[in-house]
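Input: a single structure, listed below in structure tokens.
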Protein chains: 2
Amino acid sequence: MSSSVQRPRVRKSPAARRAEIVDTAAAVALAEGLECVTLRRIGDDLGVRPGLISHYFPSAEELVAEAFGTAASGELDALLPEGPPGISPVRRLAGFLGRTTGEEYDAISRLWINARHLSRYRPALRDRVAEQEAAWRGRLESLIREGVERGEFRTPDPSVTTVQILVVLDGLGAHANTDTSGRPAAVARMAHITAERELGLAEGALSGPSA
Amino acid sequence: MSSSVQRPRVRKSPAARRAEIVDTAAAVALAEGLECVTLRRIGDDLGVRPGLISHYFPSAEELVAEAFGTAASGELDALLPEGPPGISPVRRLAGFLGRTTGEEYDAISRLWINARHLSRYRPALRDRVAEQEAAWRGRLESLIREGVERGEFRTPDPSVTTVQILVVLDGLGAHANTDTSGRPAAVARMAHITAERELGLAEGALSGPSA
DNA sequence: TTGCTTATTGGTCGCACACTCAATAACGTT
DNA sequence: AACGTTATTGAGTGTGCGACCAATAAGCAA
């Protein structure tokens with residue numbers, strides 16, 4: 001017990017320490033919210049003094065922005081990996097939509113709501129939000145374009161269709177802090193239905209056996 | 001200048017004072033955000049000591065919840081007044097959707113994002129959010145039901161259609177703190193298009209001459 | 001081994017917040 | 001005109017935050 005009170009001073013390379021800080025900040029952001037990303041909190045989690053965090057992030061706002069960026073881009077990779085283009089676009093899209101439901105996705109929705117709200121007051125975060133929105137949109141759009149090229153999807157404007165799907169997902173995610181359950185299927189599956197309609201797919205084509 | 005330093009003590013009836021407090025709190029919430037609803041800030045706006053606000057709201061969280069409730073219900077009345085059922089449902093719905101665009105509606109979207117996020121940490125606010133969501137849903141649903149009865153709308157499930165429209169509106173409003181402009185028409189009009197499709201209306205039927 | 005760079009500490013400062021409570025004065029009642 | 005109720009003040013407490021900085025020690029280089 002007394003050993004934890006007096007901790008030995010461990011000295012790491014700036015790159016390693018910085019990465020460590022950003023990673024735990026991202027984890028805190030995802031699990032508890034961006035306002036919990038404080039110098040003290042991250043320092044505690046790392047067994048380090050708050051001043052050290054300040055040393056790497058002279059402005060705390062910068063750390064918050066970085067935490068969001070890291071968390072959001074990590075979740076995008078989990079939700080819709082760039083992956084090898086071997087898998088069919090229909091399956092990839094079905095997989096993505098399938099992952100936009102459940103407790104784990106609720107955490108992501110919460111993070112987005114959190115970031116979109118906080119970006120009202122924090123310019124650095126606002127930039128990161130715009131950046132991540134572009135990244136998410138880009139990832140989905142290139143999937144859709146690939147599907148169009150392969151003849152699996154049919155849409156006059158892949159860019160518009162992409163945003164339409166994302167708008168529905170944002171709308172569904174808006175309630176991640178309240179109800180989330182007990183939605184009729186016609187609502188819970190709105191993203192699927194929208195994608196199928198806008199991409200010229202048969203009804204249910206995106207609810208298939210893909211995870 | 002010295003007159004403002006030493007202010008005369010004005011004594012109001014509890015009901016009047018409380019209403020005054022809630023009104024300014026709601027205004028602050030709408031214009032600057034729920035985290036700006038603090039004892040000090042509301043006290044300053046009213047030319048009164050913070051302790052007085054505490055006297056009426058022993059818990060500050062209660063005031064924040066009340067501020068949101070008042071602001072949200074006021075905006076609902078402005079957006080979709082219960083009004084006399086003389087006006088046709090098509091016109092009322094068109095009016096409502098027409099008001100969901102522009103800088104003024106952005107402020108409302110910001111408030112919703114704010115409240116949905118903050119309700120993650122504040123139970124009292126969470127209850128108010130649920131209450132207001134029910135109020136908004138109820139108002140729109142009864143409009144739709146009336147339209148169905150009058151034969152203007154056609155939908156198998158007014159309740160589901162209501163939520164579908166609201167989901168799209170939430171999705172569009174999610175970006176109120178960032179881009180909002182420069183959206184292609186097919187996106188900006190998503191709520192209109194969704195409503196027209198789900199209610200069996202002709203394309204453009206909700207974009208008419210109604211304000 | 002000696003020395004230098006700098007990662008890391010420990011402590012401090014100022015600010016904003018909610019909350020508490022005894023003292024005070026405005027106002028209706030008598 | 002005196003009284004009593006209570007709305008309102010003033011002052012103080014404790015907490016958590018970011019920012020700042022001199023002192024310290026870890027580890028690399030000479």
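In what follows, chains are A, B, ... by sequence order, proteins preceding strands, each numbered from 1.
- What separates CG of B:Leu34 from P of C:dC17 is a distance of 15 Å, to the nearest Å.
- Interatomic distance, A:Leu172 CG to B:Asp170 CG, rounded to the nearest 0.5 Å: 9.0 Å.
- A straight line from CG of B:Asp44 to P of C:dA18 spans 12 Å, rounded to a whole angstrom.
- Look at B:His55 and you won't find any side-chain N or O under 4.0 angstrom from OP1 or OP2 of D:dT8.
- Of the two residues contacting DNA chain C, namely B:Pro58 and A:Pro14, the nearest-nucleotide position lying further toward the 5' end is that of A:Pro14.
- Map A:Phe57 and B:Val10 each onto its nearest nucleotide of DNA chain D; the residue landing nearer the 5' end is B:Val10.
- Atom CZ in B:Arg49 sits roughly 13 Å away from atom P in D:dG12 (whole-Å rounding).
- Heavy-atom nearest nucleotides on DNA chain C were determined for B:Arg11 and for B:Pro50, and the one closer to the 5' end corresponds to B:Pro50.
- The interatomic distance linking B:Leu63 (CG) with C:dC19 (P) rounds to 10 Å, in whole Å.
- Counting non-hydrogen atoms under 4.0 angstrom, B:Ser13 reaches nothing in the nucleic acid.
- One finds a side-chain N or O of B:Thr38 lying less than 4.0 angstrom from the OP1 or OP2 phosphate oxygen of C:dC17.
- Under 4.0 Å is where a charged nitrogen must lie from a carboxylate oxygen, and between A:Glu66 and A:Arg128 at least one such pair does.
- Checking side-chain atoms of A:Thr100 against main-chain N and O of A:Leu97 turns up a donor-acceptor pair under 3.5 Å.
- When rounded to the nearest whole Å, the span between CG of B:Leu46 and C1' of D:dT9 equals 15 Å.
- Classification of A:Arg139 and A:Glu133 as a salt-bridged pair fails, no side-chain N sitting under 4.0 Å from a carboxylate O.
- Under 4.0 angstrom from either OP1 or OP2 of C:dT8 there lies at least one side-chain N or O belonging to A:Tyr56.
- Residues A:Tyr105 and A:Trp112 place their aromatic rings such that the two centres sit no closer than 6.0 Å.
- Contact annotation: A:Arg17 reaches the phosphate of C:dT8 (side-chain N/O to OP1 or OP2, under 4.0 Å).
- Between B:Glu103 and B:Arg110 there is a salt bridge, since at least one side-chain N of the basic residue sits less than 4.0 Å from a carboxylate O of the acidic one.
- Distance CZ (A:Arg122) to P (D:dC17): 12 Å, rounded to an integer number of Å.
- Looking at A:Arg40, its side chain comes within 3.5 Å of the base of D:dG18 through a donor and an acceptor atom.
- A salt bridge is defined here as a Lys NZ or Arg NE, NH1 or NH2 lying under 4.0 Å from an Asp or Glu carboxylate O, and A:Glu149 with A:Arg145 fails to meet this definition.
- Computed from coordinates, the B:Ile53 CD1 to C:dC17 P distance equals 13 Å when rounded to whole Å.
- Residue A:Ile21 contributes atom CD1, which lies 11 Å from atom C1' of C:dA7 at whole-angstrom precision.
- For the pair A:Arg40/A:Asp45, no side-chain contact is recorded, criterion being any heavy-atom separation below 4.5 Å from C-beta on.
- For D:dT8, the base has a donor-acceptor partner in the side chain of B:Arg9 [N/O atoms by modelled type, under 3.5 angstrom].
- Note that the two end axes of the helix from C:dT1-D:dA30 to C:dT30-D:dA1 enclose an angle of 10°, each drawn from 5 base pairs, rounded to 10 degrees.
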